[in-house]
Amino acid sequence: MSKEQDTSKLWGGRFSEATDAFVQRFTASVSFDRRMATEDIAGSLAHAQMLHTVGILDAAELADIEKGLAQIQQEIDDDSFAWSIELEDVHMNIESRLTALIGATGKKLHTGRSRNDQVATDIRLYLRKSIDIIAAELTRLQRGVIELAQDNNETIMPGFTHLQTAQPVVFGHHLLAWNEMLERDYGRLMDCRARMNQSPLGAAALAGTTYPIDREQTAAALGFDKPTENSLDSVSDRDFAIEFCAFAAQLMTHLSRISEELILWTSAQFNFIVLPDRFCTGSSIMPQKKNPDVPELVRGKVARVNGHLVALLTLMKSQPLAYNKDNQEDKEPLFDTIDTVFDSLRAFADMIPAIQPNTAVMREAALRGFSTATDLADYLVGRGLAFRDAHEVVGKAVAHGVESGKDLAEMTLETLQAFCPQIEADVFDVLTLSGSVAARNHLGGTAPQQVSAAAGRAAARLDAR
Ligand code: ARG
């Protein structure tokens, strides 16, 4: 490959002195926007083909541009492309190399476009590709959650409110609650994708162009649903980046809540689950330690994703139309958000199916803490008491249980009858854990058959994606 690239500025005509060396470094974006090189080349190909269709480039010129861009893609892929900071950004690096490779025809590529619509196109293409990768990883995670739920539709654990034992639930029901959170995140991601998939190419600098361009053609060639409506908005809009980061902040918030539960559950005090060693690390000083580093780190990564969302909102706040150089600051937060979300999803998608529930410990925990107290109250309502009166009776029985160290199911019938004479021997059916969960037998409830059906519906939704 030719080492001598033309480093003279592509906009040099008006200028009488070279850019200050520090300003050059300060304003350059190539160190991070070169990540969009493949999208930049795709955009240039679509643009060049359109220029040929409308008669601005002849067939030979188009062929040269296509050949040159293909070689540049090759150089980038095998890491031999000589990126230059003097050429500021990915767009000018590639255009400059094209001219070095094919000569004067390279200089015609930029006819009827600007870096302003070019960069807007590149980011949308890059983000769309990233959304599709993230959507697949999110689906993989959901698949693992749903399968674990199906396997645990009868595994009883305490359900909590205020982190205090509330009522028994099955582990699968808890897992499907996670899946609902993730399902909404998927919906938000798809909304973002649907709204962003429009082509800004042709907006040029801000006002459109005097050439007879065909924006429908470039939009279709790049897989966009249609061209954007307004040239000013096209080059200034970064809503799609904000929207993606809002999706990401919400998803990461969900992952942090799941992380928190995993961290609690792996503690010696809960001991509800085991995370395989490959997802944990030890301590350099305390030999007994096995730390749930993966969920902890995911919980911590919410910080940077939330930060990126605020950064982008602040970046766009009060910006006058149309393009401003400020917008170059959109890429690093967006790229880091994409990377962080993908890595977090990957870690979770690998880890969740490997969770081993300690079913005996979960069950034992549900037996403690009077988790069937509501069931006893409901039983008394069945015997004719008003719910408030039943609540009072059961409260007294629980107070006795706290004092005597006995769960409701462990008390004798006589003891229970002392609190309420309407209680009969069949009370022990509702005081059992399995009776308690089985009784919540309606859509969205924790009865094993409902959980199994819900897992089936959740899996079918994934299949339909
Ligand atoms: N590197 C610039 C960016 O990231 C590309 C667009 C520059 N446009 C301009 N008129 N300076 O936004």
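Position 1 is the first residue of the sequence; numbering continues from there. All heavy atoms count here, side chains included; hydrogens, waters and symmetry mates do not. Atoms within each ligand, like the ligands themselves, are counted from 1 in listed order. Everything numeric in this text was worked out from a predicted model, so none of it was measured.
- Between F272 and F171, the distance from one ring center to the other does not fall under 6.0 angstrom.
- Sorted by first and then second residue, the salt bridge (charged side-chain N to carboxylate O under 4.0 Å, His left out) pairs involving residues 201-220 (not counting sequence neighbours) form an empty list.
- Between W178 and H174, the angle of the ring planes goes over 60°, which puts this pair in the perpendicular group of the 30/60° scheme.
- With sequence neighbours excluded, the residues satisfying side chain to side chain contact (heavy atoms under 4.5 Å, CB included) with A249 are V305, N306, L309.
- One finds no salt bridge joining R143 and E137 here, because no Lys/Arg side-chain nitrogen approaches an Asp/Glu carboxylate oxygen to under 4.0 Å.
- Around ligand 1 you find S29, D33, D89, H91, R115, N116, V119, Y323, Q328, K331, each with a heavy-atom distance below 4.0 Å.
- Among residues two or more places apart in sequence or in another chain, the side chain to side chain contact (heavy atoms under 4.5 Å, CB included) test is passed with Q449 by N441.
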